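Written out below as structure tokens is the structure these notes cover.
All values derive from a computational prediction rather than experimental measurement.
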Amino acid sequence: MAVLYQQFIHPILSRKESDRYIPVQTGDHYDLVVDELTRYGQFTVGCKTGNIATRCNAITEDHLIFQIKKAKDSEDYSITVLKNAPTFYKPPRMEIYSKMEAKETFDSYEIIGHPAEFRISDKIAKERMVNFIEVSLTSSFYFNKLGKERMKFTFTIGKIQPGINRKVKFRDDTYAFGKEEDDSE
């Protein structure tokens, strides 16, 4: 039993844990399916904890909290977004980002094919963000193993402006915004 654990289980668990120390990258995506029994799901974006751990020192813990509640007899969901730090928000089917003042609430059908986008950072200067990480939320349908149609929520890392400098790591295993220097020169 010990050999089985040492050879197979431990390497898999340690690899999953080590992935938590890698900063997010453009294109990373995370799926969430709300449990049918509780009809409630929560998804958080933070620095070192949460479903998306950005590993960026400019992002606070629980920077964004998505609370998703399922209707009792249908695949309709109510989505509430709470912010704990500076955030810009672009509602579905809108073209312009605006400062998110308080919580935002919308329904799941609004984000089918039209994402809700969020820009998170540590500061807003003159009504704009210089450094930010963009997170978009979309929903789609899929068929589960029982052949029942279910809704899946997808969180995608969009633009990271100007990037995360992976060569300079702080003592608390976080990184700062910045471009990585090329060694090719």
Side-chain angles (χ1 to χ4, degrees), residues 12-70 75-93 97 100 103-122 129 131-145 148-161 163-166 172-177:
I12 291 171
L13 293 176
S14 63
R15 185 179 312 132
K16 284 186 176 181
E17 188 60 32
S18 69
D19 288 348
R20 305 262 317 151
Y21 293 103
I22 299 171
V24 294
Q25 298 178 23
T26 302
D28 288 354
H29 65 279
Y30 307 84
D31 293 330
L32 172 72
V33 177
V34 176
D35 182 39
E36 286 195 73
L37 296 175
T38 61
R39 296 190 339 258
Y40 179 79
Q42 183 166 309
F43 193 91
T44 58
V45 179
C47 178
K48 295 188 276 184
T49 61
N51 302 90
I52 296 178
T54 62
R55 308 306 298 178
C56 180
N57 67 348
I59 306 303
T60 62
E61 295 304 338
D62 294 336
H63 199 110
L64 284 177
I65 301 169
F66 297 86
Q67 298 173 336
I68 303 172
K69 295 179 183 168
K70 183 180 185 300
E75 281 296 306
D76 293 327
Y77 296 83
S78 172
I79 303 164
T80 303
V81 184
L82 307 171
K83 71 164 187 89
N84 291 318
T87 303
F88 276 169
Y89 168 59
K90 184 168 84 169
R93 295 183 167 87
Y97 283 94
M100 192 170 158
K103 70 179 182 178
E104 294 287 338
T105 303
F106 49 91
D107 292 320
S108 58
Y109 68 85
E110 295 180 63
I111 58 173
I112 296 175
H114 300 280
E117 296 181 6
F118 302 86
R119 285 186 177 170
I120 57 176
S121 185
D122 58 345
M129 286 184 178
N131 302 325
F132 59 85
I133 296 175
E134 208 170 81
V135 179
S136 67
L137 169 62
T138 59
S139 62
S140 60
F141 286 99
Y142 77 102
F143 289 98
N144 64 8
K145 293 177 183 176
K148 188 175 180 185
E149 191 174 39
R150 294 292 318 275
M151 185 172 279
K152 170 176 66 174
F153 297 94
T154 303
F155 296 85
T156 306
I157 301 298
K159 190 175 187 181
I160 300 174
Q161 176 69 30
I164 295 179
N165 189 348
R166 289 172 171 77
D172 62 347
D173 293 322
T174 60
Y175 302 83
F177 282 117

Is a donor on one side and an acceptor on the other found under 3.5 Å between the side chain of Glu61 and the backbone of Thr49?
yes
Using the side-chain contact (heavy atoms from CB on, under 4.5 Å) rule, take Phe106 and Thr80 through it: C-alpha gap first, then chi angles, then the decisive distance, then the call.
CA-CA 7 Å; Phe106 49 91; Thr80 303; over 6 Å; no
Salt-bridge present (Lys90, Glu117; N to O < 4.0 Å)
yes
Using the side-chain contact (heavy atoms from CB on, under 4.5 Å) rule, take Phe177 and Ile133 through it: C-alpha gap first, then chi angles, then the decisive distance, then the call.
CA-CA 10 Å; Phe177 282 117; Ile133 296 175; 3.8 Å; yes
4.5 Å side-chain heavy-atom contact, Ile79 and Asp107:
no
Would you say the ring centroid of Tyr77 lies under 6.0 angstrom from that of Tyr109?
no
Where Ser78 and Thr105 come nearest, the two heavy atoms and their spacing:
OG-CG2, 4.0 Å
Roughly how far, to the nearest 0.5 Å, is CD of Glu104 from OH of Tyr89?
5.0 Å
Axial cation check for Tyr142 ring with Arg150, 6.0 Å and 45° limits:
no
Which heavy atom of Cys56 sits nearest a heavy atom of Ile164, and at what distance?
CB-CD1, 4.2 Å
Output the distance between atom SG (Cys47) and atom CD1 (Ile120), rounded to the nearest 0.5 Å.
10.0 Å
Check: Phe155 ring centroid to Phe66 ring centroid under 6.0 Å
yes
Taking all non-hydrogen atoms of both residues into account, name the closest pair between Arg39 and Glu36 and its distance.
CG-O, 3.3 Å
With a 4.5 Å cut-off on side-chain heavy atoms, are Thr138 and Ile112 touching?
no
Ignoring hydrogens and angles, tell me if any N or O in the side chain of Thr54 forms a donor-acceptor pair with the backbone of Val24 under 3.5 Å.
no
Are Phe118 and Val81 side-chain neighbours, meaning at least one heavy-atom pair lies under 4.5 Å?
yes
If you define the side chain from C-beta out and look only at heavy atoms, does anything of Leu82 sit under 4.5 Å from Gln67?
yes
Going by atom types alone, do Thr154 and Asp31 pair a side-chain donor with an acceptor below 3.5 Å?
yes
What is the distance from atom OG1 of Thr156 to atom CG of Leu137, rounded to the nearest 0.5 Å?
8.5 Å
For His114 and Glu110, what are the C-alpha separation, side-chain angles and deciding distance, and is it a side-chain contact (heavy atoms from CB on, under 4.5 Å)?
CA-CA 7 Å; His114 300 280; Glu110 295 180 63; over 6 Å; no
Tell me if a side-chain donor or acceptor on Ser121 pairs with a main-chain N or O of Asn131 at a distance below 3.5 Å.
yes
Ile68 side chain near Leu32 side chain, heavy-atom distance below 4.5 Å:
yes
Least distance between heavy atoms, Ala85 atom then Thr60 atom:
CB-OG1, 3.6 Å
Is any side-chain heavy atom of Met129 less than 4.5 Å from a side-chain heavy atom of Phe88?
yes
Under 3.5 Å, is there a donor-acceptor pair between the side chain of Asn51 and the main chain of Thr44?
yes
CD1-CZ distance between Ile22 and Arg166, expressed to the nearest 0.5 angstrom
9.0 Å
Heavy-atom side-chain contact between Thr174 and Lys48 under 4.5 Å
yes
Asn144 side-chain N/O to Lys148 backbone N/O, donor-acceptor pair under 3.5 Å
yes
Any chance you could lay out the side-chain contact (heavy atoms from CB on, under 4.5 Å) test for Phe132 and Lys159, step after step, and finish with the verdict?
CA-CA 8 Å; Phe132 59 85; Lys159 190 175 187 181; 4.1 Å; yes
Ring-face cation of Arg55 near Tyr175 (centre distance under 6.0 Å, axis angle within 45°):
no
Would you find a donor on one side and an acceptor on the other, under 3.5 Å apart, between the side chain of His63 and the backbone of Thr87?
no
Could you check if a side-chain atom of Phe141 sits within less than 4.5 angstrom of a side-chain atom of Lys152, using non-hydrogen atoms only?
no
Under 3.5 Å, is there a donor-acceptor pair between the side chain of Thr26 and the main chain of Gly158?
yes
Give a yes or no on whether the backbone of Met151 and the side-chain of Glu75 come within a donor-acceptor separation of less than 3.5 Å.
yes
Side chain Asn84, main chain Asp62, donor-acceptor under 3.5 Å
yes
